[in-house]
Amino acid sequence: MKWGVIATGGIAQAVTADMLKVEGVTVLAVSSRDVTKARAFADRFGIERAYGDYRELLADPDVEVVYVATPHGQHHEVTLAALDAGKHVLCEKAFALSVADAEEMVERARSKDLFLMEAMWTRFNPLVRKAHDAVRNGEIGEVRLIRADFGFRHAFSDGDRLWAKEAGGGATLDLGVYPVALAHQFLGVPAHVHAHGSLAPTGVDADAGILLAYDNGAHALLSCSLVAGTGARAEIIGTEGRIELVDPMFNPTAVVINGVEHAIEDEGYAHQIRAVEESIAAGLTQNPSITWDNTLEVMRTLEEALRQIGVSYTTVR
């Protein structure tokens, strides 16, 4: 398919580099608010068309699917515009600033009969899938505990995307989405959410500890931080064994299942891009590995955790 990339930041560069490794994928266009950046991005990756406004890219009749790589605060606006333009969409995580925004995005895709997926690339990592199969096959018994962390030190600056509220900054939306999504994948929707954290001067969360509790007594102990280097490891512990997703847990190249290590070469975002292509080719509007319900369930947990910490993005847009 012919792709358009909206935004030219670090994540757009990393994903585009991996897109170009996938057979059959053509990255046809890129857009940025600064057309000079768009042209530089296009030159770097051999992209034919560069636009100074995402609306110009969406008006390009040859673009079939867009990758939305803007800051979180723009996901809602850009995704709705892309769907209205008849484009399939892969939208970065966290999917939106609120559950209400995410629901509107999903309903728009449903009404337009177009493919829409949150870019939760972890779900497509072969080792994460191997861990999921091990749990499903009973290799570690009943899952009772998940521990997952993702944190690093990032100097505070009120103009930095990670600290800016209007951009959807903060530890939970940018980093915590990974541990929360992992817990949802292996334990499902929690019965209770308990969260504690600290706020930055800009009103976003600097760090957070999240406890997800389940009716059967199982629980997930999760953390994310922009002020402490916690690393990015995860453990899935059952009644008969355990699984460790080696750092980085969101894209592991090694997983240890009951003491046995399994490893792969890092293919980055390529698995995710193939999944999008295959889904659209099959006429699907959702991918079964990360459905709209999956995305909305995680968004509800994130929003509740942020509410308890004292963060709301309802006034951002």
*Please test T16 against Q13 for side-chain contact (heavy atoms from CB on, under 4.5 Å), starting from the C-alpha separation and ending with a verdict.*
CA-CA 5 Å; T16 299; Q13 295 174 40; 6.0 Å; no
*In sequence, state the C-alpha distance, the side-chain angles, and the governing distance for F45 and V27, and then conclude on side-chain contact (heavy atoms from CB on, under 4.5 Å).*
CA-CA 9 Å; F45 292 106; V27 184; over 6 Å; no
*Check the pair T172, V204 against side-chain contact (heavy atoms from CB on, under 4.5 Å), reporting the backbone distance first and the verdict last.*
CA-CA 9 Å; T172 296; V204 302; over 6 Å; no
*asked:* Walk me through whether W3 and E277 qualify under side-chain contact (heavy atoms from CB on, under 4.5 Å).
replied: CA-CA 10 Å; W3 288 69; E277 291 257 320; 2.8 Å; yes
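In this structure, CG on L306 lies 8.0 Å from CD on E303, to the nearest 0.5 angstrom. Between the CE atom in M105 and the CZ atom in F95 there is a gap of 3.5 Å [rounded to 0.5 Å].
Side chain of H196 to backbone of G209: no donor-acceptor contact under 3.5 angstrom is found.
Only one option out of M1, R49, K87, H88 pairs with V63 in a side chain to side chain contact (heavy atoms under 4.5 Å, CB included); it is K87.
Residues L83 and K112 come closest through the heavy atom pair O-CG, 3.9 Å.
By the rule that hydrophobic residues join a cluster once side-chain heavy atoms approach within less than 4.5 Å of another member, I290 and V189 end up as members of separate clusters.
Using the six-membered ring where Trp is involved, W163 and F156 have ring planes that are perpendicular, over 60° apart on the 30 and 60° scheme.
Through side-chain heavy atoms spaced under 4.5 Å, either directly or across other Ile, Leu, Val, Met, Phe, Trp or Tyr residues, L221 is tied to L145, L211, I237.
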